[in-house]
Amino acid sequence: MKIIEVKNVSVNYGNVKALDQISFSIDKGSFLGIIGPNGGGKTTLIKVLLGLIKPDKGEIIIHSDKPIGYVPQFNNFERRFPITVCKVILMGSMSHKKSIFHKYSAEDKEKSNDVMKLLGIEHLRNRLIKQLSGGQMQKVLIARALMTEPDLLILDEPTASIDSQSRTDIYNLLNTLKGDKTILIISHDIGTISSYIDSIACLNVKLYYHEDGQITQDTLSQAYGCPVDLVAHGIPHRVLPEHLNGGHHHD
Amino acid sequence: MINALFHYQFMQNALIGALLASILTGIIGAIIVEKKWIMLSSGIAHSSFGGIGLGYMLNFEPIYGAFLFAIFSSILIPTIDRKTDTGSENLTAMLWSLGMALGIFFIAFTPGYPPDMTSYLFGNILTISFQNIMVMIVVTAIVLTILLSYYNHWKAYLFDHEFAFIIGINTSVMDYVLYFLIAISVVALIKMVGIILIIALLTIPPSIARFYAKSFSRLIIYSMILGFIFSFIGLFISYYYNIPSGATIILVSIIAFVISIFIKKNNQ
């Protein structure tokens, strides 16, 4: 069963094509990765999926009555607002109840405790967000998205420039959520992503799609528009097609 | 001064005015500082000068004209921005100067001697009338009601408006409501600090409060307290040295800001 269907979606900024006839769908419970160069339309695609931008052409069908669980790029995230970790996470529960004089219920608070435990950040609950490290902030944003109890989770560059321990924690968590939730991850971190995902797509204005999750030199060349040195991106050996192995060394 | 407070109606008005102004500036100031709508707010305040001129020309209460112009700009800026993608900064600059230009234009057409505009431009807390107080009470009541009835919505919207939109909060309505609240608040404050100096009273208290506040509600409350202290000291200096209150309030605020930077540095 599909959870999201994207059909022939195009977005233009003036004369510039940001997305050109993008079509793909995601099976319920699967884990899709989208990679692509900067300026390739990754952010635009996310905004279209979230409904923040209306596509010029095409349509997006979401088979879920719950809002998408969105995890924004933490290093673009403004962290000067005076708010503590637990209050940020609680905000996610507003997706269920938005009445006038809204107050968080005891259940909301209990649920936020569970989510904090799941991410191992309960000791940070009263910390101001500006006092968090990158990895900690990323976990807070994931926790907030989980509070909305989404069917579909979209993460924008979740592991860019964070410490390796947090990176492993986050991928392990996503791996356990997989199946129960559908996960779409958008990243240029090709190496790490490919060992977790079910399928992968490369986005550079157009979308190049791969059911089996294999990244080939052809795919990357197509998407990036020029040959890319896979080794430089730290791709583990097991996802490398044979013909690339000779003569290259990875770090 | 305590004696004067008991004896003179204008001193009582000034004190009530300072109290109401600090409630308004605490809330709106904290919001625009977090939202980074500072220049926009200043632009809306300046555009209201056109309405003051219109009031003089057509012989009605200038403050009502100011409301008209400020609300009109606050609707126009986001609407034109959405339709034409001009950028709200550019539109703010245009309406800012258009309002000022129209004000001067209308006053030039006003029959008789040109009126004294200094109290509108620079404010004078000592000339606040009972009618001004009533206007401030109504505006403060509107702002407080809208803020408190949807407090968690406002917090979510100010913290991360994209996320607020995704979980189903109508952020574009909140945009318009916030523009409207800014418009009525700046006009309500004109008599206190004047069009030109409003922005300082809106931004300095939250800028200091941000050093210490650990939550948004505390940011608002600290800003209110600081705003009241500054207004009170400003009023005091105004009264004894006969200097317009707008200037004294702003100078006191700036000095307090500089001191708070040093305190903050020494504590780190």
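Values below: every heavy atom of this structure, side chains too, minus hydrogens, waters and symmetry copies. Chain letters run A, B, ... following the sequence lines, proteins first and then strands; every chain starts at 1. All values derive from a computational prediction rather than experimental measurement.
- Interatomic distance, CZ of B/F159 versus CE of A/M91, reported as 6.0 Å (0.5 Å rounding).
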Checklist entry - When you look at A/Y104 and B/N152, which way does the side-chain contact (heavy atoms from CB on, under 4.5 Å) test go after all the steps? => result CA-CA 9 Å; A/Y104 297 112; B/N152 282 339; 3.7 Å; yes
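- Other residues, nucleotides and ligands contribute only 12 or fewer heavy atoms inside 6.0 Å of the NZ atom of A/K28.
- The 12-atom threshold is exceeded at NE2 of A/H96, counting heavy atoms of other residues, nucleotides or ligands nearer than 6.0 Å.
- Atom NZ of A/K178 is surrounded by more than 12 heavy atoms from other residues, nucleotides or ligands within 6.0 Å.
- Heavy-atom contacts from other residues, nucleotides or ligands closer than 6.0 Å to CZ of B/F72 number 12 or fewer.
- Interface remark: of the candidates A/G69, A/G51, A/P150, A/P82, A/P82 forms the most heavy-atom pairs closer than 4.5 Å to chain B.
- The CG atom of A/L49 lies 10.5 Å from the CD1 atom of B/I166; values are rounded to the nearest 0.5 Å.
- Within a 6.0 Å radius of NZ in A/K130, more than 12 heavy atoms belonging to other residues, nucleotides or ligands are found.
- Within the model, atoms CE of A/M94 and CD1 of B/I169 stand 4.0 Å from one another, a figure rounded to the nearest 0.5 Å.
- Using a 4.5 Å cut-off between heavy atoms, B/R210 touches chain A through backbone and side chain atoms alike.
- Heavy atoms of A/I129 lying under 4.5 Å from chain B belong exclusively to its side chain.
- Contacts with chain A (heavy atom to heavy atom, under 4.5 Å) involve these residues of residues 137-150 of chain B, listed by number: B/L148, B/S149, B/Y150.
- Heavy atoms closer than 4.5 Å to chain B are found in the side chain of A/L128, but not in its backbone.
- Between A/L52 and B/F165 the shortest heavy-atom distance is CD2-CD2, 3.4 Å.
- Residues A/V88 and B/F163 fail the side-chain proximity criterion, which asks for heavy atoms closer than 4.5 Å.
- The distance from the CD atom of A/Q131 to the NZ atom of B/K214 is 6.0 Å, given to the nearest 0.5 Å.
- Residue A/E59 places its CD atom among more than 12 non-hydrogen atoms of other residues, nucleotides or ligands, all under 6.0 Å distant.
- Counted within 6.0 Å of NZ on A/K111, heavy atoms from surrounding residues, nucleotides or ligands total more than 12; the atom is thus considered enclosed.
- If you measure heavy-atom distances from B/F216 to chain A, the contacts under 4.5 Å come from both the backbone and the side chain.
- Counting non-hydrogen atoms of other residues, nucleotides and ligands closer than 6.0 Å to NZ of A/K47 gives a total of 12 or fewer.
- Between B/L158 atom CG and A/E78 atom CD the span is 12.0 Å, to the nearest 0.5 Å.
- In this structure, CG on B/D160 lies 10.5 Å from CZ on A/F81, to the nearest 0.5 angstrom.
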Next on the checklist: Applying side-chain contact (heavy atoms from CB on, under 4.5 Å) to B/I167 and A/R144, what does each step give before you reach the verdict?
Outcome noted: CA-CA 11 Å; B/I167 61 174; A/R144 180 183 67 166; over 6 Å; no
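- Contact of A/K66 with chain B is not made at all, since no heavy-atom distance falls under 4.5 Å.
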